[in-house]
Amino acid sequence: MAEEQAAAIEDEEPEETPGYKAPAQKSLTEIKTLDADDESLNTYKKQLLGDADYCPEDDPDRVKILRMALVVEGRPDVELNISEADLASLKDKPFTIKEGVEYKLKFTFRVQHEIVTGLKYVQVTKRKGIAVDKSNYMVGSYPPRKTEHNYTTPLEEAPTGMMARGHYNVKSKFMDDDKNEYVKWEWSFDIKKDWE
C-alpha cells in the first residue's frame, strides 16, 4: 500500500478527471468570428476576451511564467524572477520556511498569441530523494493580453517537528488540458525552526 502511494506521488503528471475531455482547440481568430451575427454573444466575447491580441513577434511562447513568490502574512514576499533566471540554478537557492507557518505560492504570468485552456500548476516535493507530496492546481483559462495574470495557491501549512525540518526539493511545471508544457523547473526550500 505504501509503495502504491509513493508511486502515485512520484508520478509528475497531473491526475486525470474521469469523464473529462478537453475541448477542441480553436484559434483566437476562429472564436472572434464564430457566430458573428449574434449581438449578445459578441458582447460576451468582448467582455471575456477584451483586447485579446497580444502577439509579440520576437517571443513565440504561449505562456510566460514571470515570477513565483512565497507569500506569508505579516512578512514581505520572497520572490523568484523565473522569466530571467537560469532555471537550472533555482534549486540551489532555497526559500526558508518557518515550521508550522501558513503560506501560499503566488505566480505572475502572461498569456500570448492564443487562448490557453485548462492551465495547471503541478508540483512534486521530495525529501532525501523520496516523494512526500504532490499538488495539482487548476489555474484556469486565459486570453492573450499584455497585462499580467496572477494565480495564488490555496493556503498550506508547513510541517512541524524535528523530523520535518530539513531540505526539500520541488519539481514544478505549468501545462494545459492539451498536455502542452510551458515551463518546467526545480526549486527548493528549507523547513527551519525559525526564519533565520
Side-chain angles (χ1 to χ4, degrees), residues 1-18 20 61-109 116 118-140 149-196:
M1 179 73 172
E3 290 176 5
E4 290 175 12
Q5 287 177 328
I9 289 174
E10 184 68 30
D11 180 21
E12 293 178 28
E13 293 304 310
E15 297 157 4
E16 297 290 325
T17 303
Y20 175 74
D61 293 340
R62 284 180 59 200
V63 177
K64 292 288 273 193
I65 307 301
L66 305 172
R67 292 179 298 282
M68 177 178 87
L70 177 71
V71 179
V72 177
E73 191 173 324
R75 294 188 58 83
D77 294 354
V78 179
E79 199 170 90
L80 286 178
N81 187 335
I82 294 176
S83 66
E84 296 176 7
D86 172 17
L87 294 181
S89 70
L90 290 180
K91 64 183 174 183
D92 300 325
K93 301 171 187 170
F95 286 115
T96 296
I97 303 175
K98 180 181 175 182
E99 65 179 349
V101 75
E102 292 184 328
Y103 68 95
K104 298 176 187 180
L105 294 177
K106 179 181 177 184
F107 296 95
T108 303
F109 60 98
V116 173
L119 187 63
K120 298 177 183 92
Y121 171 65
V122 180
Q123 77 175 32
V124 175
T125 305
K126 294 183 180 182
R127 175 138 193 250
K128 297 182 180 178
I130 298 170
V132 294
D133 184 50
K134 178 179 178 182
S135 300
N136 291 297
Y137 300 105
M138 175 53 74
V139 177
H149 299 281
N150 289 298
Y151 173 76
T152 304
T153 63
L155 200 61
E156 295 191 42
E157 184 176 339
T160 61
M162 187 173 72
M163 298 298 287
R165 287 183 218 129
H167 187 74
Y168 294 78
N169 291 306
V170 183
K171 287 185 178 180
S172 293
K173 67 180 170 182
F174 275 86
M175 59 188 303
D176 67 16
D177 277 346
D178 297 318
K179 301 203 182 328
N180 296 313
E181 283 187 12
Y182 296 108
V183 66
K184 190 175 190 176
W185 76 100
E186 293 183 43
W187 55 285
S188 61
F189 63 90
D190 295 323
I191 300 289
K192 295 187 177 182
K193 198 169 188 171
D194 210 333
W195 289 107
E196 298 303 318

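Values below: every heavy atom of this structure, side chains too, minus hydrogens, waters and symmetry copies. Computed from a predicted structure; not experimentally measured.
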Please report the closest heavy-atom contact between [X] and [Y], naming both atoms and the distance.
| X | Y | result |
| --- | --- | --- |
| Ala131 | Val124 | CB-CG1, 4.3 Å |
| Trp195 | Ile97 | CZ3-CA, 3.8 Å |
| Ala164 | Ile191 | O-CB, 3.8 Å |
| Val122 | Lys134 | CG1-CE, 4.4 Å |
| Ser135 | Tyr137 | CB-CE1, 3.6 Å |

Is there side-chain contact between [X] and [Y], with heavy atoms separated by less than 4.5 Å?
| X | Y | answer |
| --- | --- | --- |
| Asn150 | Phe109 | no |
| Asp177 | Met138 | yes |
| Glu181 | Val183 | no |
| Lys120 | Val139 | no |
| Leu105 | Tyr151 | no |

Are any side-chain N or O atoms of Ser172 and backbone N or O atoms of Gln123, one a donor and one an acceptor, separated by less than 3.5 Å?
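No.
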Any sub-3.5 Å donor-acceptor pair from Asp176's side-chain atoms to Lys179's backbone N or O?
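Yes, because the side chain of Asp176 sits within donor-acceptor range (under 3.5 Å) of the backbone of Lys179.
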Once you round to the nearest 0.5 Å, how far does [atom1] of [X] lie from [atom2] of [Y]?
| X | Y | atom1 | atom2 | answer |
| --- | --- | --- | --- | --- |
| Ile65 | Lys184 | CD1 | NZ | 14.5 Å |
| Lys91 | Lys171 | NZ | NZ | 8.5 Å |
| Tyr168 | Lys128 | OH | NZ | 9.0 Å |
| Ser188 | Leu90 | OG | CG | 9.0 Å |

Lys/Arg N to Asp/Glu carboxylate O, Asp133 vs Lys126, below 4.0 Å
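Looking at Asp133 and Lys126, the cut-off is not met.
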Please name all residues satisfying ring pair (Phe, Tyr, Trp, His ring centres under 6.0 Å) with Phe107, sequence neighbours left out, ordered by chain then number.
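By the ring pair (Phe, Tyr, Trp, His ring centres under 6.0 Å) rule, Phe107 matches Tyr121, Phe174.
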What residues, two or more places apart in sequence or in another chain, satisfy side-chain contact (heavy atoms from CB on, under 4.5 Å) together with Asp86?
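If we apply the side-chain contact (heavy atoms from CB on, under 4.5 Å) test to Asp86, skipping adjacent residues, the hits are Ala88, Ser89.
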By side-chain contact (heavy atoms from CB on, under 4.5 Å) - contacts of Thr96 (at least two apart)
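Thr96 satisfies side-chain contact (heavy atoms from CB on, under 4.5 Å) with Lys192 only.
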Mind running side chain to side chain contact (heavy atoms under 4.5 Å, CB included) on His149 and Thr108 for me, showing each step along the way?
CA-CA 6 Å; His149 299 281; Thr108 303; over 6 Å; no
Enumerate the salt bridge (charged side-chain N to carboxylate O under 4.0 Å, His left out) contacts for residues 154-163, please, sequence neighbours excluded, ordered by first and then second residue.
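Not a single pair qualifies under salt bridge (charged side-chain N to carboxylate O under 4.0 Å, His left out).
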In residues 68-83, what donor-acceptor pairs under 3.5 Å come from side-chain atoms, sequence neighbours left out?
{"from": "Asn81", "atom 1": "OD1", "to": "Ser83", "atom 2": "N", "distance (Å)": "3.4"}
{"from": "Asn81", "atom 1": "OD1", "to": "Ser83", "atom 2": "OG", "distance (Å)": "3.1"}
{"from": "Asn81", "atom 1": "OD1", "to": "Glu84", "atom 2": "N", "distance (Å)": "3.3"}

Side chain to side chain contact (heavy atoms under 4.5 Å, CB included) evaluation trace for Phe189 with Asn169
CA-CA 7 Å; Phe189 63 90; Asn169 291 306; over 6 Å; no
Who pairs with Glu99 by side chain to side chain donor-acceptor pair (under 3.5 Å), at least two apart in sequence or on another chain?
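Glu99 satisfies side chain to side chain donor-acceptor pair (under 3.5 Å) with Arg165 once adjacent residues are dropped.
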